[in-house]
Amino acid sequence: MSGLAGLRSPRPALQQPQWNSQESLSAVRAELGERDPLADCSVHRRLHDQLTEVARGEGFVLQAGDCAETFSDSGSDRVMAKAAQLDDLSQLFENIAGLPAVRIGRLAGQYAKPRSELMETLPDGRAVPVYRGDAVNGTEPTLESRAADPKRLLAAYEHARTALRTLDDEVGDGRPYTSHEALLLDYEEPLTRVCACHGETYASSAPFLWIGDRTRQPGGAHIAWADSIANPVGVKVGKAADHGEIAEIVDRLTARRPAGRLSLIVRMGADRIGHHLPQLLERFGDRVIWICDPMHGNTIKRATGQKARLLPAVLEEIEHFVRILFAAGLRPGGLHLEVTPAAVDECVEFPSELCSPAMRFRSACDPRLNVAQAQQVVGTAAKLLSAG
Ligand code: PEP
Ligand code: CO
C-alpha cells in the first residue's frame, strides 16, 4: 500500500522547518510514502472504541511521556522503562479511581517541537536556529547541527519503528498506544494512507495524534489534515484560545463522527483555567473528551533561564479541572503529562528551588515529572475522581 505522498494540506503551514534542500525533501517524502505503516488501521479503530467508552465516563486517558523524545531514546531499555512507568501509573490510577485507564505514550514519534523563537542567542553572542526536535535538527548549538535536514524525517521513521518493535515484542499487557504532536506535515502527509479494508484515510504514523496550541488555526493546514484522517485526535487549547475558533474546530472535527473522535486537551495554567474552562464546557460539553494538560500552562523559568514547573501549580490545575468538570455535570476524560523514568529534578516542589540551576535537567525541551512526582500527580487526580 503506497502513501499519499503527493497529498498536501493547504500552505503555508505554521511551525514548519526551513529545510536545507528541497530536492532532498522531495526524495524523502517519496521514500516515506513507500514505507510500511507504523500503525495499521486496526489499531486506531481499537483505540477509538476505547475512547468512546471514555466519552461515556467509563474510562480515563492517561497520556504521558517526554516533551521531546530523542533518537537515542529508541533503544529497548529506555522504551521498556517508559512503558513500565506508564503501566505503573495506570495501575495506580485504576486502583484508586476504580476506572480503566487508556494508556497512551508520548512515544515512538514525539520528535518534533513547535518553538516560539526562530533563533537562540548563545552565551558568546552568536545566534543559531533553535532546536526543533530530532526529526528536524540536532541539539548541539552549532549552525551545522541546527540546519533542518529532511533526511532526519527518515531517521525519525526508523527510530519510531525500532521503539514500536520493542513495544510489540517485549511489553505485554502494559503496552501503551503511541502518540505524538502532528507537527511536521512533511512526515505526516506521506504516512497518511488509505485503508484497504474500509477505504478510509488514516494517519499511519501513530494511532493518536494531537495538534498543538500554536498550529490549531481553524483554517490552517494542521486542522485540514486532522479533518482528512479517521484517527482519534487531540487539540491543545491554551488560555489565549478564541472560543469562536474552538467552535469551528469542534464542528469540523466532530461532524458525522462518533464520540471519542476529538479530545480537547486544555492547558491553561492553574490561575486561568477557572476563568476559561466553564465557558468552553457550556458550549461543547458532551461533544468532546476533556483532557487536562497541567504542564504547559504552568511553565516558568529559573533564575538561570532554564525552564521549570512547580508541582503545586500542576496539582492545582488538575484540582480546578476536575471540580469544574463535575460542577458542569461532566466526567473528566484524562490527563496529559510530561514524565520520565529518569532521575531528574526538572520540576520542583518549592519556589526557593528556582534560584539555583536544576542539578539534573536532562530534558531536550520542557521539564518532566520524575517517578515520585508523576505518582503524586496521578494519585491526586485519581482521588479527586473517585470522590466525585
Ligand atoms: C507539548 O505538548 O509539548 C506542547 C508543545 O504543547 P502545546 O502545543 O500545548 O504548547
Ligand atoms: Co512540552
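Atoms within a ligand are numbered from 1 in the order they appear, just like the ligands themselves.
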* Hey, are Gln15 and Arg132 close enough side-chain-wise for a donor-acceptor pair under 3.5 Å? -> yes
* Asked: Which protein non-hydrogen atom lies closest to atom 1 (C) of ligand 1, naming both residue and atom, and how far is it?
  -> His296 NE2, 3.0 Å
* Check: Leu311 main-chain N/O paired with Gln373 side-chain donor or acceptor under 3.5 Å -> no
* **Proximal ligand 1 atoms for Gly212, defined as those under 4.0 Å from one of its heavy atoms** => 8 (O)
* **For Pro114, the ligand 1 atoms whose distance to one of its heavy atoms is below 4.0 Å** => 5 (C)
* To do: Would you check whether His336 has a nitrogen or oxygen atom less than 3.5 angstrom from a nitrogen or oxygen atom of ligand 1?
  => no
* To do: Tell me, please, if Cys67 has any N/O/S atom, main chain or side chain, under 2.8 Å from the Co ion (ligand 2)?
  => yes
* Arg267 side chain vs Lys236 backbone, donor-acceptor pair below 3.5 Å -> no
* Asked: So Ser76 and Glu170, side-chain hydrogen bond (donor to acceptor under 3.5 Å, both in side chains) or not? Walk me through it.
  -> CA-CA 8 Å; Ser76 60; Glu170 312 283 346; 6.0 Å; no
* Say whether, by atom type as modelled, one donor and one acceptor occur between the side chain of Ser74 and the main chain of Ala160 under 3.5 angstrom. => no
* To do: May I ask you to identify the nearest protein heavy atom to atom 8 (O) of ligand 1, giving residue, atom name and distance to one decimal place in Å?
  => Asp213 N, 2.9 Å
* To do: Output yes when Asp366 and Arg309 qualify as a salt bridge under the 4.0 Å nitrogen-oxygen rule, no when they do not.
  => yes
* Looking at Glu338, which atoms of ligand 1 are within less than 4.0 Å of one of its heavy atoms? -> 1 (C), 2 (O), 3 (O)
* To do: For ligand 1, note which part of Ala68 has a heavy atom under 4.0 Å away: side chain, backbone, both or neither.
  => neither
* Asked: If you stand at the Co ion (ligand 2) and look out to OD2 of Asp366 and OE2 of Glu338, what angle do those two lines make, to 10°?
  -> 140°
* Arg302 side chain to Glu353 main-chain N or O, any donor-acceptor pair under 3.5 Å? -> yes
* Using distance alone, decide if ligand 1 has a nitrogen or oxygen within less than 3.5 Å of any nitrogen or oxygen in Glu181. => no
* Asked: Charged N to carboxylate O under 4.0 angstrom, Asp66 versus Lys82?
  -> yes
* For Cys67, take its heavy atoms, then give the atoms of ligand 1 lying under 4.0 Å from any of them. => 3 (O)
* Structure fact -> Residue, atom and distance of the protein heavy atom nearest atom 9 (O) of ligand 1 read Arg267 NE, 2.6 Å
* To do: Would you kindly say whether Glu188 and His180 are connected by a side-chain donor-acceptor distance under 3.5 Å?
  => yes
* Please write down residue, atom name and distance for the protein heavy atom closest to atom 3 (O) of ligand 1. => Lys113 NZ, 2.7 Å
* Structure fact -> Near Arg106 (heavy-atom distance under 4.0 Å), the atoms of ligand 1 are 1 (C), 2 (O), 3 (O)
* To do: In sequence, state the C-alpha distance, the side-chain angles, and the governing distance for Arg214 and Glu181, and then conclude on salt bridge (Lys or Arg N to Asp or Glu O under 4.0 Å).
  => CA-CA 11 Å; Arg214 295 170 180 78; Glu181 177 173 348; over 6 Å; no
* **Heavy-atom closest contact (Leu330 atom, Gly285 atom, distance)** => CD1-CA, 3.7 Å
* Asked: Does Asp293, backbone or side chain, put an N or O under 3.5 Å from an N or O of ligand 1?
  -> no
* **Whether Gln110 lies under 4.0 Å from ligand 1, heavy atom** => no
* Asked: For His296, what is the atom name of its N, O or S atom nearest to the Co ion (ligand 2)?
  -> NE2
* To do: Among all protein heavy atoms, pick the one closest to atom 6 (O) of ligand 1 and tell me residue, atom and distance.
  => Lys236 NZ, 2.8 Å
